[in-house]
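Here is the structure we will look at, set down as structure tokens.
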Amino acid sequence: MSLIWLQVGQCGNQIGQEWWHLLCNNASDTDRYPYFSRDGMINAICVDSEPKVIRKLWKRVKKGSLRDSNLIVGRKGRGNNWAFGYSGDGTDTEKSLLARTMESFRHELERRDCYSGTVLLHSLCGGTGSGLGARLCEEIRDTYPAGHILSVAVAPHETGDTPLQHYNSLLCLSWLQRYSDGILLFQNDDIMHRVAALGEKKVPLVSGVEAPVSIAAMNSHIASCLAGLLYPTNTLRTRSAVSVGIEPWEIIRTLCPMTTLKFLHTAQICRRGTPFWDRVTLSLTKNIPRTSPDGRLHHSTSLLAVSRASQDKPFLLSQDSVLMKLKQSYRCVPWNPFPIDYWTGSQNILDPSQQSHSLTVCANHSSAADLMSRVIQRAQSMYEARAYLHWYQRYGCEEEDFQGAFHTLHSVVEEYNKLGES
């Protein structure tokens, strides 16, 4: 059940760098197969319109693990423009990033006996991550319709990243809704607050003002959440204790059964010492979004809890109380008779020491509608003022594309807002 790990743009490759660094250093030999080929090479294709980030990734990841043919770089950036990333510059001066990526993707498929799907890492903000990421999602869906697509998408800060971030997020989110099977959605503001609260990067105060959390710490936390969810678990192993790498697709099956609701919220706690799972659960649920800005209560259609510790017996003994706390905190909808699933793993890859344990919870949660509503509102204001539209029209993005994107996201927001209705 091999998968392909597709990293697009600066953000996607920086998160991928942390992910592969984690796996290359901590993964056991028996659990490497879902993410490594039989020849020991990483199942990843790394794409960016500029070479700087991929050069750094090449140096950081274990030497000789990445195929040279799977490192695909362009000569110039995409100007934080979704349309430029999606369509390219329309010249023949270099073979397009899209064509080269799809060619490498085909070669990677031909190396394996069975293709199960793609995990796509990218941002919603930059031109390459949002535009080319959306185009690759569309091309892979059209060319290989039988495979799953799980997107790991990072939303920009509410303000300050780029004046085009609302347009880019609007268009990319609408493409993901159409062509992917599930979206693990991370928001920069949320991740920054989590990392600061967890004390992963303690920084000194300057004039009474706390310095911002580093981007590397935020990327590391996202990679940690991915490892908590996607690293092989005991629950999904075969009877001979072999992992076949179905964790990403079981997440889609468990949490995204309805095509209109596929945005997933992830939270994680990792600690050392004796695991008291009830306390861990209480700590994890403290920062769950409870209400929308207009006071609407958030709800979940379903959730998945993944515990990892050297011994899974303590979690199983606390299972009922832990799952009940999660069900109440996430406000699982009453019409789903079985809203909660759980997996256990005997190796905590996040911290290989014998006394560490982690709990990662992924939920199909209506808080995603808050982000989409904000994106719609701000993009709509810019669109009505005709701000920056000529930059998108230059690369073939027409008003019909914007109107379709607005309509798609409005529909998703309406579906999430209905979850609280009995």
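In what follows, every heavy atom counts, from backbone to side chain, and hydrogens, waters and symmetry copies are set aside.
Looking at E139, its side chain never comes within 3.5 Å of a backbone N or O of L98 through a donor-acceptor pair. The closest donor-acceptor contact from the side chain of R308 to the backbone of G228 lies under 3.5 Å. Here the side chain of E110 pairs no donor or acceptor atom with the backbone of F105 at under 3.5 angstrom. One N or O on the side chain of T235 and one on the backbone of T344 form a donor-acceptor pair closer than 3.5 Å. Side-chain atoms of S65 do not come within 3.5 Å of backbone N or O of V61 as any donor-acceptor pair. Looking only at distances, no side-chain donor or acceptor of S220 sits under 3.5 Å from a matching main-chain atom of A216. Between the side chain of D189 and the backbone N or O of E158, at least one donor-acceptor pair lies under 3.5 Å. In terms of modelled atom types and a separation under 3.5 Å, the side chain of S180 and the main chain of I183 share no donor-acceptor contact. When atom types are taken as modelled, the side chain of R135 and the backbone of Y86 share a donor-acceptor pair closer than 3.5 angstrom. Looking only at distances, no side-chain donor or acceptor of R141 sits under 3.5 Å from a matching main-chain atom of R178.
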* Asked: Under the side chain to side chain contact (heavy atoms under 4.5 Å, CB included) criterion, do V154 and L121 qualify, and how do the steps go?
  -> CA-CA 8 Å; V154 180; L121 277 74; over 6 Å; no
* Would you sort out whether C46 and I72 count as a side chain to side chain contact (heavy atoms under 4.5 Å, CB included), showing the intermediate values? => CA-CA 6 Å; C46 309; I72 302 169; over 6 Å; no
* Go through the steps for E250 and R253 under the test salt bridge (Lys or Arg N to Asp or Glu O under 4.0 Å), then give the verdict. => CA-CA 5 Å; E250 283 298 299; R253 185 191 65 82; 2.8 Å; yes
* When you look at E414 and K418, which way does the salt bridge (Lys or Arg N to Asp or Glu O under 4.0 Å) test go after all the steps? -> CA-CA 6 Å; E414 289 176 2; K418 292 176 182 177; 5.3 Å; no
* To do: Show your reasoning for whether side chain to side chain donor-acceptor pair (under 3.5 Å) applies to Y167 and N80.
  => CA-CA 10 Å; Y167 281 161; N80 292 319; over 6 Å; no
* Asked: Are W82 and W391 close enough, and set up right, to give a ring pair (Phe, Tyr, Trp, His ring centres under 6.0 Å), and what steps lead you there?
  -> CA-CA 10 Å; W82 182 91; W391 289 8; over 10 Å; no
* For L350 and Q268, run side chain to side chain contact (heavy atoms under 4.5 Å, CB included): C-alpha distance rounded to whole Å, both residues' side-chain angles, the deciding distance at 0.1 Å, then the answer. => CA-CA 11 Å; L350 311 180; Q268 184 182 74; 3.4 Å; yes
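Minimum interatomic distance between L22 and A223 (heavy atoms only, all atoms of both residues): CD2-O, 4.3 Å.
S283 and R271 are linked by a side-chain donor-acceptor pair at a separation below 3.5 angstrom, with hydrogens and angles left out of the test. Remark: the T128 side chain and the Q10 side chain contain no N/O donor-acceptor pair separated by less than 3.5 Å. A donor-acceptor pair shorter than 3.5 Å cannot be found between the side chains of H357 and S307.
Checked against the 6.0 Å centroid threshold, F36 and W20 count as a close aromatic pair. For Y35 and Y231, the ring centers are positioned 6.0 Å apart or more.
Using a 4.5 Å heavy-atom cutoff, the side chains of I222 and W19 are not in contact. N168 is listed as a side-chain neighbour of Y392, based on a closest heavy-atom distance under 4.5 Å. For the pair Q17 and Q7, the minimum side-chain heavy-atom distance is 4.5 Å or more. Side-chain contact between L419 and N417: absent, with no pair of heavy atoms (C-beta onward) separated by less than 4.5 Å. T281 places a side-chain heavy atom less than 4.5 Å from the side chain of L326. Two residues are said to be in side-chain contact when any heavy atoms from C-beta on lie closer than 4.5 Å; Q177 and C172 fail this criterion.
For Y330, the ring pair (Phe, Tyr, Trp, His ring centres under 6.0 Å) partners two or more places apart in sequence, or in a different chain, are H365.
Atom CG of L316 is surrounded by more than 12 heavy atoms from other residues, nucleotides or ligands within 6.0 Å. F406 CZ: more than 12 foreign heavy atoms inside a 6.0 Å radius.
Sorted by first and then second residue, the side-chain hydrogen bond (donor to acceptor under 3.5 Å, both in side chains) pairs involving residues 292-305 (not counting sequence neighbours) are S292-D294, H298-S366, H298-D370.
A salt bridge is defined here as a Lys NZ or Arg NE, NH1 or NH2 lying under 4.0 Å from an Asp or Glu carboxylate O, and K262 with D181 fails to meet this definition. By the 4.0 Å N-to-carboxylate-O rule, D39 lies close enough to R67 to be salt-bridged with it. With respect to the salt-bridge test (charged N to carboxylate O, under 4.0 angstrom), the residues R60 and E18 qualify. With salt bridges taken as basic N to acidic carboxylate O contacts below 4.0 Å, one links R111 and E108.
Among L109, I140, V119, N43, the single residue meeting the side chain to side chain contact (heavy atoms under 4.5 Å, CB included) criterion with I4 is L109. Partner of F263 under the side chain to side chain contact (heavy atoms under 4.5 Å, CB included) criterion, chosen from L255, V412, N364: V412.
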Review item, side-chain donor-acceptor pairs of residues 396-404, under 3.5 Å, at least two apart:
| from | atom 1 | to | atom 2 | distance (Å) |
| --- | --- | --- | --- | --- |
| E399 | OE1 | Y383 | OH | 3.2 |
| E399 | OE2 | R386 | NH1 | 3.4 |
| E399 | OE2 | R386 | NH2 | 2.6 |
| D401 | OD2 | E398 | N | 2.9 |
| Q403 | NE2 | Y383 | OH | 3.1 |

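In this structure, OG on S130 lies 7.5 Å from CG on L124, to the nearest 0.5 angstrom.
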